[in-house]
Protein chains: 2
Amino acid sequence: MKRSTRQRDAIKAVIDSAQRPLSPQEILDDAKCHVEGIGMATVYRNLKSLVESNSLVVVSLPGESARYESSGHTHHHHFHCTHCNRVYDVHECPGKLLELAPSGFTVERHELTLYGRCDQCAQPH
Amino acid sequence: MKRSTRQRDAIKAVIDSAQRPLSPQEILDDAKCHVEGIGMATVYRNLKSLVESNSLVVVSLPGESARYESSGHTHHHHFHCTHCNRVYDVHECPGKLLELAPSGFTVERHELTLYGRCDQCAQPH
DNA sequence: ATAGATGCAAAGAGTTTGCATAGGT
DNA sequence: ACCTATGCAAACTCTTTGCATCTAT
């Protein structure tokens, strides 16, 4: 039932080759290099179905709209550059988070977002 | 320059007396009990200025639109119960987050959200 | 009296949906 | 040939802004 189209292939290719989670707009811009004329509605529709089929995961950061990255990545967090607004993967994890919650609470999952400047936006002097 | 109006006072009162961060819609609904006819634009305008004057802080959780709570709380994180959907404050903090980012990156701030079951929703059986 | 604040409605920004057509199988 | 996927535009939701009016000082 899932057909292979140039648009869908381009969207997957763009996300799979990205080193960081991409916004729908970034995906559209990159996909246009592969398929001229591709529209935003197609991006959104494919993102939705690719998430449903577990090919992609949604990256939700506080106060941000959704970004998307390939599934199958190991547990990681994100670094949000306050200057260029790009989001990077952070593979380190503080761990020991189970103990942070009040007693009686069970921690199943956690999300950590770091904010600051990425290497390309290092603080000017 | 900042005048005291019934609308602004109502908005502050609603947030200050809340036990949890409130969405703009919740704030509007509650404020209508104090000032009939108050509009959403007034809520947004006041939220913005109250945040700028540090009377309120924005609570951003992944995938959620902004909520607002009184400022003056110390640094804390949030526990989001996956069962009852309530959000609790978590005052513990893992610390040592500066070292998690890739080299060349500067960490200025962080947000941590824990997901699981709160004490009232403890795993059945 | 004056300048900031309000309510309404319209404008934006981001995302979703309806519909006719293109295109995979 | 069939039926899904696409592109466009309109619809929707959330938030912001323009403007005439109101109101706290």
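Protein chains get the first letters and strands the later ones, always in sequence-line order, with residue 1 at the start of each. Every value quoted in this text rests on a predicted model; they were computed, and no experiment measured them.
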Inset, instruction - Classify the side-chain pair B:H75/B:H110 by whether it contains a donor and acceptor separated by less than 3.5 Å. - result: yes
Inset, instruction - Could you work out which one of C:dT15, D:dT6, C:dT6 sits closest to the side chain of A:T42? - result: D:dT6
Inset, instruction - Please determine, for the side chain of B:T5, which listed nucleotide (D:dT6, D:dA24, C:dG7) has the closest atom? - result: D:dA24
Legend entry - A:D9 CG - D:dT4 C1' separation (whole Å): 15 Å
Inset, instruction - Flag the pair A:R86 and A:E26 as a salt bridge only when some basic side-chain nitrogen lies within less than 4.0 angstrom of an acidic carboxylate oxygen. - result: no
Inset, instruction - Could you tell me whether A:R109 and A:E111 have a side-chain N and a carboxylate O separated by less than 4.0 Å? - result: yes
Legend entry - Exercise: do A:S70 and A:D16 side chains pair donor with acceptor under 3.5 Å: yes
Legend entry - Residue whose nearest DNA chain D nucleotide is more 5′ - B:K48 or A:V43: A:V43
Inset, instruction - Measure from the side chain of B:R8, starting at C-beta and using heavy atoms only, and say which of D:dC8, C:dT6, C:dG24 lies closest. - result: C:dT6
Legend entry - Separation of D:dT17 C1' from B:N46 CG (nearest whole Å): 15 Å
Inset, instruction - Specify the residue among B:M40 and B:S4 whose closest nucleotide of DNA chain D lies further upstream toward the 5′ end. - result: B:M40
Inset, instruction - Would you mind telling me which of D:dT16, C:dG24, C:dG18 lies closest to the side-chain atoms of A:R45? - result: C:dG18
Legend entry - Spacing of B:R67 atom CZ relative to D:dC14 atom P, expressed in whole Å: 12 Å
Inset, instruction - Provide, to the nearest angstrom, the distance between the CG atom belonging to B:L47 and the P atom belonging to D:dT15. - result: 10 Å
Inset, instruction - For B:H91, look at atom NE2 and say whether over 12 heavy atoms of other residues, nucleotides or ligands are found less than 6.0 Å away. - result: yes
Legend entry - Proximity to the side chain of A:K2 - top-ranked nucleotide from D:dA5, D:dG7, D:dT6: D:dA5
Legend entry - Base D:dT4 to side chain A:R3, donor-acceptor N/O within 3.5 Å cut-off: yes
Legend entry - Candidate nucleotides D:dT15, C:dG7, D:dA9, ranked by approach to the side chain of B:Q7 - the nearest: C:dG7
Inset, instruction - Starting from P on C:dG4, measure out to CD on B:E52 and report it in whole angstrom. - result: 15 Å
Legend entry - Nearest listed nucleotide, side chain of B:Y44, among C:dA5, D:dT4, D:dC14: D:dC14
Legend entry - Distance in angstrom units between B:I27 CD1 and D:dT15 P, rounded: 11 Å
Legend entry - Nearest-Å distance for atom pair CD/C1', residues B:E64 and D:dT15: 17 Å
